[in-house]
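Encoded as structure tokens, the structure appears first; notes follow it.
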Number of protein chains: 2
Amino acid sequence: MVIYYSVMRVKDEIKQEALFEATVKVVNETGFAQSSVSKIAKEAGISPATLYIYYKNKEDLLVSTYVQIKQNLSTALLVGFDDSRPIRDILKRLWTNAFHFGTQNRAYFEFVEQFSNSPYAGLVNSAEVEEFFEPLARVMQRGIDEKILKDVPFEVLTVFVFYPAMLLSSPKLCAGFEINEGSIDQTFDLAWDAIRL
Amino acid sequence: MVIYYSVMRVKDEIKQEALFEATVKVVNETGFAQSSVSKIAKEAGISPATLYIYYKNKEDLLVSTYVQIKQNLSTALLVGFDDSRPIRDILKRLWTNAFHFGTQNRAYFEFVEQFSNSPYAGLVNSAEVEEFFEPLARVMQRGIDEKILKDVPFEVLTVFVFYPAMLLSSPKLCAGFEINEGSIDQTFDLAWDAIRL
DNA sequence: CGCTATAATAAATGACCATTCATTTATTTG
DNA sequence: CAAATAAATGAATGGTCATTTATTATAGCG
């Protein structure tokens with residue numbers, strides 16, 4: 001919580017947003033290794049020094065950008081989420097959402113991919129991120145209780161549902177796989193067969 | 001092919017190997033972004049300048065290391081490979097091999113993970129790497145022809161078999177999953193259910 | 001041993017890095 | 001408008017980067 005004791009100039013939300021997009025763009029285009037604060041600031045159209053008003057340091061910039069994307073991702077995956085529907089329908093909806101998000105926000109996917117395989121990944125508050133996906137964890141548990149899903153740890157289910165959706169929606173990683181309505185349905189059947197009892 | 005026209009001092013294979021291991025270690029411990037030629041050379045116990053006798057530049061060092069690991073990986077996965085056995089047995093063997101390799105060579109796994117999500121990934125001769133895994137591609141195709149496996153692109157099969165094996169064997173990515181004989185069997189059943197007709 | 005070719009290296013180079021500092025600019029309130 | 005406060009920045013700092021250069025060490029052969 002920020003308290004304004006007195007007269008003060010407010011931070012520019014447009015700059016904040018520009019920095020977020022610039023970070024994703026520079027990291028994706030030049031790679032994690034070659035991404036510098038200067039490049040990101042220049043891409044966002046601000047001075048490198050200004051960046052340090054919005055973020056404590058480079059690490060903070062990268063970690064914050066990651067958490068932000070994860071939040072966007074969870075929101076996108078949960079569009080139309082309805083607890084009362086059959087489990088298969090819920091997951092199918094999720095699967096479809098993932099592909100839509102993946103095709104329309106490929107840059108975010110790639111950033112997450114690079115970030116989560118870097119040592120920066122250890123710096124995120126993983127409890128916070130897992131909370132975004134809590135509704136799904138609940139559905140999975142319900143499926144296990146109702147003898148619809150195999151009784152395996154949550155991680156195992158995610159490996160056969162979320163990861164494939166991510167991987168398949170990235171043409172960089174899956175060049176030989178064409179995304180259309182039919183292929184989305186077909187690949188969901190694979191995921192579903194993997195986890196259902 | 002190298003031709004020795006005359007007297008020449010030979011390159012040191014121990015240094016070559018030390019450089020390979022040092023590259024993996026430094027990249028895993030400090031991350032792709034903070035890995036420098038100097039750090040790698042120091043870890044290998046040689047001068048940075050010497051590194052340039054063995055590799056054209058940093059890019060060549062990283063790409064070569066990646067290809068080398070991929071070769072080791074394919075060799076490890078194909079241990080005991082027997083074309084004449086039932087497809088399920090072949091894949092089960094592969095699955096088990098992946099876990100053994102993963103637990104004993106975690107550093108290689110992590111390097112591959114970091115590398116393949118970086119822009120360097122675009123620089124590898126992917127045909128060369130795919131060749132390592134050609135026997136598996138043939139088995140998969142046979143499975144499809146014999147109506148044992150679902151008729152989907154090879155990439156889709158790999159997403160439900162190889163990736164899960166990799167992900168599950170990495171305790172960093174799958175903290176809640178304990179590897180033992182029972183859990184290897186159980187998770188293979190998920191993979192098999194996904195791809196079998 | 002001395003010749004030759006290459007491995008090996010220490011040191012240097014210029015570029016770029018993250019971050020800080022001194023200063024200026026913009027905004028709000030009295 | 002003027003005072004107050006924080007946003008914004010250009011320039012500087014010290015360090016590290018990838019790579020090259022000039023030099024030395026080493027090995028095999030006549």
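We name chains A, B, ... by the order of the sequence lines, and we start the count at 1 in each one. Source: prediction; values computed, not measured.
Residue A/E131 places its CD atom among 12 or fewer non-hydrogen atoms of other residues, nucleotides or ligands, all under 6.0 Å distant.
In this structure, of D/dT9, C/dC17, D/dA8, it is D/dA8 that holds the atom nearest to the side chain of A/Y54. Comparing C/dA8, C/dT20, D/dT19 against the side chain of B/V37 picks out D/dT19 as the nearest. Considering only side-chain atoms of A/A49, the nucleotide from D/dA8, C/dT9, D/dG10 that sits closest is D/dG10. Closest to the side chain of B/K11, from the set D/dT9, C/dA7, C/dA10, is C/dA7.
If you measure from atom CD1 of A/I14 to atom P of D/dA8, you get 11 Å, rounded to the nearest angstrom. One can place NZ of A/K42 at 13 Å from P of C/dA18, the figure rounded to the nearest angstrom. Atom pair A/Y52:OH and D/dA6:P shows a separation of 22 Å (rounding to whole Å applied). When the C1' atom of C/dA10 is taken as reference, atom CG of B/L51 falls 15 Å away, rounded to whole Å. Counting to the nearest Å, the P atom of C/dA8 and the CD atom of B/E13 are 12 Å from each other. Look at OH on A/Y120: it is 10 Å from C1' on C/dA18, rounded to the nearest Å. The nearest whole Å value for the distance from the OH atom in A/Y55 to the P atom in D/dA8 is 13 Å. The CG-P distance, from A/D12 to C/dT27, rounds to 10 Å in whole Å.
A salt bridge does not link A/K39 to A/E43: none of the charged nitrogens lies less than 4.0 Å from a carboxylate oxygen. Using a 4.0 Å cut-off between a side-chain N of Lys or Arg and a carboxylate O of Asp or Glu, B/R85 and B/D89 qualify as a salt bridge.
Phosphate contact (OP1/OP2 of C/dA8, side-chain N/O of B/K15, threshold under 4.0 Å): present. The phosphate of C/dT19 has neither OP1 nor OP2 within less than 4.0 Å of any side-chain N or O from A/K56. Not one side-chain nitrogen or oxygen of A/K58 sits closer than 4.0 Å to the OP1 or OP2 atom of C/dC17. Applying the 4.0 Å criterion to OP1 and OP2 of D/dT9, one finds that A/T50 has a side-chain N or O inside that range. A close approach under 4.0 Å does occur between a side-chain nitrogen or oxygen of B/S36 and OP1 or OP2 of D/dC17.
Partner A/K92 forms a side-chain hydrogen bond (donor to acceptor under 3.5 Å, both in side chains) with one of A/D189, A/D185, A/N97 and no other, that one being A/D185.
Between B/Y108 and B/F101, the angle of the ring planes lies from 30° to 60°, which puts this pair in the tilted group.
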